[in-house]
Structures are given as structure tokens and as C-alpha cells.
Number of protein chains: 2
Amino acid sequence: MHKMNSKNKTFIDKLRSSGLRPTNQRVEISKFLFNRKKTFHFTVEELKNSMNLKRSKKISTATFYNTVHALKSAGHLKEFSLENNTSYYDTNITSHHHFFDNGKVIDIKSDKITFQKLPEAPKGKKIKNVEVVIRLENNN
Amino acid sequence: MHKMNSKNKTFIDKLRSSGLRPTNQRVEISKFLFNRKKTFHFTVEELKNSMNLKRSKKISTATFYNTVHALKSAGHLKEFSLENNTSYYDTNITSHHHFFDNGKVIDIKSDKITFQKLPEAPKGKKIKNVEVVIRLENNN
DNA sequence: AACTACTTTATAATTATTCTAAAGTATGTG
DNA sequence: CACATACTTTAGAATAATTATAAAGTAGTT
Ligand SMILES: [Mn+2]
Ligand SMILES: [Mn+2]
Ligand SMILES: [Zn+2]
Ligand SMILES: [Zn+2]
């Protein structure tokens with residue numbers, strides 16, 4: 001059985017608030033996702049492969065998808081897309097911006113970009129958020 | 001056999017410059033895509049369904065995918081993604097911005113958004129383009 | 001007409017994702 | 001602690017979007 005320490009608290013709470021019991025598999029996934037300093041951008045396949053690589057008893061694909069989906073529905077992960085019909089997830093759930101550099105994704109803090117001019121929302125609508133993608137290429 | 005008129009010229013040229021012979025099927029697809037005043041945003045499935053609806057002899061799925069792919073590779077279409085692992089295409093190939101409103105996509109001309117502050121590219125990289133997505137929701 | 005290169009199409013394969021149903025684990029109750 | 005019940009994990013099937021294959025069709029050339 002697992003003893004909960006204060007370090008684990010945050011990511012176990014994320015599971016609980018997603019309606020998920022903190023089982024072994026889920027705790028390991030949540031820890032892997034949230035127990036890091038920097039934002040993590042990933043696909044479910046990438047997550048599965050990197051976690052299962054070091055494990056003798058693999059966590060099943062369905063558990064990865066289910067857990068990620070529940071965390072996303074509860075607002076602990078944000079979904080986004082690149083141009084390759086795969087879902088990416090972002091542990092930074094605040095509204096922020098990105099550099100896209102050949103499949104690599106880098107966060108840009110919200111306050112690093114400000115606008116001089118922005119269009120109004122069409123009538124009956126309002127703006128939920130404004131997010132910028134800066135696509136990069138190699139110099140020269 | 002088809003006689004080419006000046007109206008057809010543009011979209012037939014797009015086929016030619018994509019390395020595609022202007023066959024009947026391709027001409028109809030290219031015409032459907034480019035012979036309109038406003039930008040068209042679509043998925044291949046949507047394109048196929050709306051074009052085949054009015055046809056007795058259907059154009060095959062592979063031809064839709066192949067033609068769209070060639071047009072995109074030649075730069076006559078731009079690919080983008082919403083949060084649902086399907087590729088969308090945009091007949092507006094200029095760098096521009098979008099409203100995303102519940103799966104609906106609306107163009108925002110480039111000059112409608114200007115920046116006060118933008119981050120620099122990481123070293124060794126330069127900025128290829130900057131595109132904004134404004135997500136909308138219903139009022140009240 | 002015969003030759004060649006390019007096209008279209010039906011169908012199979014692939015990839016990402018979701019579903020299903022059976023077996024496993026935890027929790028509550030007496 | 002038994003047992004019931006509820007939730008979980010998992011392997012494998014199913015689905016959706018896309019890509020590949022290979023046979024039959026079409027066009028351009030000699
Ligand atoms: Mn998919
Ligand atoms: Mn896909
Ligand atoms: Zn991010
Ligand atoms: Zn557009």
C-alpha cells in the first residue's frame with residue numbers, strides 16, 4: 001500500500017478532483033505528468049511509451065487514455081493540436097502562447113505577448129481566450 | 001472533353017503547378033475549392049460529402065485525399081488543426097488569424113491584429129509566422 | 001493502333017482513439 | 001473476517017481518419 005506524502009498531495013488531489021480513485025497506475029501517471037518543474041507537452045502514445053519503458057508490468061493503453069481524458073475533463077490538462085491529427089496535452093492549463101519548432105513545443109508566458117489591436121467578437125459572442133502560435137524555422 | 005475558359009484558368013493552373021494533370025475529377029475539385037469569393041475551411045470528408053452529394057458518379061476518397069494533398073504540398077492550401085484529430089484545410093494561404101467558434105472557423109485578416117510586444121526567437125531560430133486563434137463563446 | 005505514363009478506384013492497411021466485456025481490486029456491512 | 005457491491009484494469013475488438021496497393025481506365029505520343 002502507498003503512504004501519501006505531502007509531495008504526492010497535489011497530483012493525488014488532481015486525480016480525486018477528476019473523479020478518479022488514486023490507484024497505483026493513476027498515481028504514477030499523475031506524478032509523471034505533474035511532478036516536474038517545467039510544462040510538459042505530450043501525446044498519449046508518447047506518455048505511454050516513456051512510462052512503460054522503465055516498467056516491468058506495463059500500464060495498459062486504455063488506462064493512459066482514460067486517465068488523461070479524465071484529467072483533461074476536470075481541467076488539469078489542456079488539449080491542443082499540431083498539424084498531424086494527434087491530440088497533444090499541456091500541463092500548463094493557463095491561457096498562454098507557444099513556439100512551434102518542427103514538432104517541438106515551447107511555452108511562451110502570457111505576458112510576453114501583448115496586443116496593440118484586436119478585433120471584436122461577432123455579435124452574440126464573446127472572447128474566451130486569445131492564443132498565439134509563433135512558428136519557427138532555422139536561421140539562414 | 002473540357003474546353004478551358006478564362007474563369008477556369010486559375011484553378012486549373014493550381015493543379016498544373018501541383019504537378020497534377022487537369023483531369024475531370026481534379027478540375028471539379030479545384031473549382032469547388034477555389035471558385036468562390038470567401039475563404040473555405042474544410043476537412044477532406046466534408047469536401048467529399050458535399051461534392052459527391054450532387055453527383056451520380058462519385059469521385060473516390062483516394063482522389064480527394066490525393067488532390068488535396070498535392071494542392072497543399074504546392075502551397076495552394078494551408079493545413080491546420082482543431083482539437084479533434086482531423087486535418088482541416090484553408091484556401092487562404094496567407095498568414096492570417098482565426099476565430100474558433102464551436103467548430104466553426106472564421107478568418108481574421110492579418111492587419112486586424114497587431115502586437116505591442118512579441119518575444120524573440122530562440123537563438124539559431126527565426127520567426128516564420130505568427131498566427132492568433134481567438135476562441136469564442138456565447139454571450140451571457 | 002500500340003506504347004507508355006499517369007489516373008482512378010475499390011479495397012486493404014495503418015494509426016490514433018474509443019469501446020467492450022471479463023477478470024481484478026477495493027470498500028462497506030454485518 | 002465473509003460477502004456484496006462498486007469501481008478498475010486490461011486485452012482485444014471496433015471506429016474514424018488517413019495512406020498504401022494494385023488492378024483497370026485514360027490520355028498523349030509515335
Ligand atoms: Mn484519430
Ligand atoms: Mn488520423
Ligand atoms: Zn504550453
Ligand atoms: Zn483561414
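Lettering follows sequence order; numbering is per chain, from 1. Values below: every heavy atom of this structure, side chains too, minus hydrogens, waters and symmetry copies. Quick caveat: nothing in here was measured; it's all calculated off a predicted structure.
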Original post:
Of all heavy-atom pairs between Asp107(A) and His96(A), which one has the smallest distance, and what is that distance?
Top reply: OD1-NE2, 2.9 Å
Original post:
Can you find a heavy atom in the side chain of Glu28(A) that is under 4.5 Å from one in the side chain of Met51(A)?
Top reply: yes
**OP:** Going 5' to 3' through nucleotides 3-8 of chain C, assign each nucleotide B (protein heavy atom under 4.0 Å from a base atom), S (under 4.0 Å only from sugar-phosphate atoms) or - (no protein heavy atom that close).
**Re:** ---SSS
Original post:
How long is the gap from CD1 on Ile113(B) to NE2 on His97(B), to the nearest 0.5 Å?
Top reply: 4.5 Å
Subject >> Rounded distance (Å) that lies between atom C1' of dT10(D) and atom CZ of Arg55(A) >> reply: 13 Å
Original post:
Tell me: NZ of Lys48(B) to P of dT19(D), nearest whole Å?
Top reply: 14 Å
Original post:
For Leu82(A), what are the other residues in its hydrophobic cluster, where any two members join if their side-chain heavy atoms are less than 4.5 angstrom apart?
Top reply: Phe80(A), Tyr88(A), Phe100(A), Val105(A), Val133(A)
**OP:** Select one nucleotide: of dT18(D), dC19(C), dT17(C), the one nearest the side-chain heavy atoms of Val44(B).
**Re:** dT18(D)
Original post:
Between Arg135(B), Glu131(B), His41(B), which is the residue that forms a side-chain hydrogen bond (donor to acceptor under 3.5 Å, both in side chains) with His98(B)?
Top reply: His41(B)
Subject >> Proximity to DNA chain C (any heavy atom under 4.0 Å), residues of residues 72-82 of chain B only >> reply: none
**OP:** Starting at atom CG of Asn84(B), determine the distance to atom C1' of dT17(C), rounded to an integer number of angstrom.
**Re:** 12 Å
**OP:** Check whether NZ of the Lys or CZ of the Arg Arg36(B) lies under 6.0 Å from the centre of the six-membered ring of Phe40(B) and within 45 degrees of that ring's axis.
**Re:** yes
**OP:** Please report, rounded to the nearest Å, how far the P atom of dT10(D) is from the CZ atom of Phe64(A).
**Re:** 9 Å
**OP:** Nearest whole angstrom, please: distance from the C1' of dT17(C) to the CD of Glu83(B).
**Re:** 16 Å
**OP:** Report the nucleotide, chosen from dA20(D), dT18(D), dT18(C), that has the shortest atom-to-atom distance to any side-chain atom of Tyr65(A).
**Re:** dT18(C)
Subject >> Rounded distance in Å - CZ (Phe42(B)) to P (dT18(D)) >> reply: 11 Å
**OP:** May I have the distance from Glu45(A) (atom CD) to dA16(C) (atom P), rounded to whole angstrom?
**Re:** 6 Å
Subject >> Pairwise side-chain contact, Tyr89(B) with Leu47(B), heavy-atom cut-off 4.5 Å (strictly under) >> reply: no
Subject >> Separation of atom CG in Asn52(A) from atom C1' in dA11(D), rounded to whole Å >> reply: 14 Å
**OP:** Determine: side-chain N/O of Ser87(A) to OP1/OP2 of dT17(C), distance under 4.0 Å, yes or no.
**Re:** yes
**OP:** Measure across Leu136(A) and Lys128(B) and return the closest heavy-atom pair with its distance rounded to 0.1 Å.
**Re:** O-CE, 3.9 Å
Subject >> Any donor-acceptor N/O pair, Thr114(A) side chain to Lys117(B) backbone, under 3.5 Å >> reply: yes
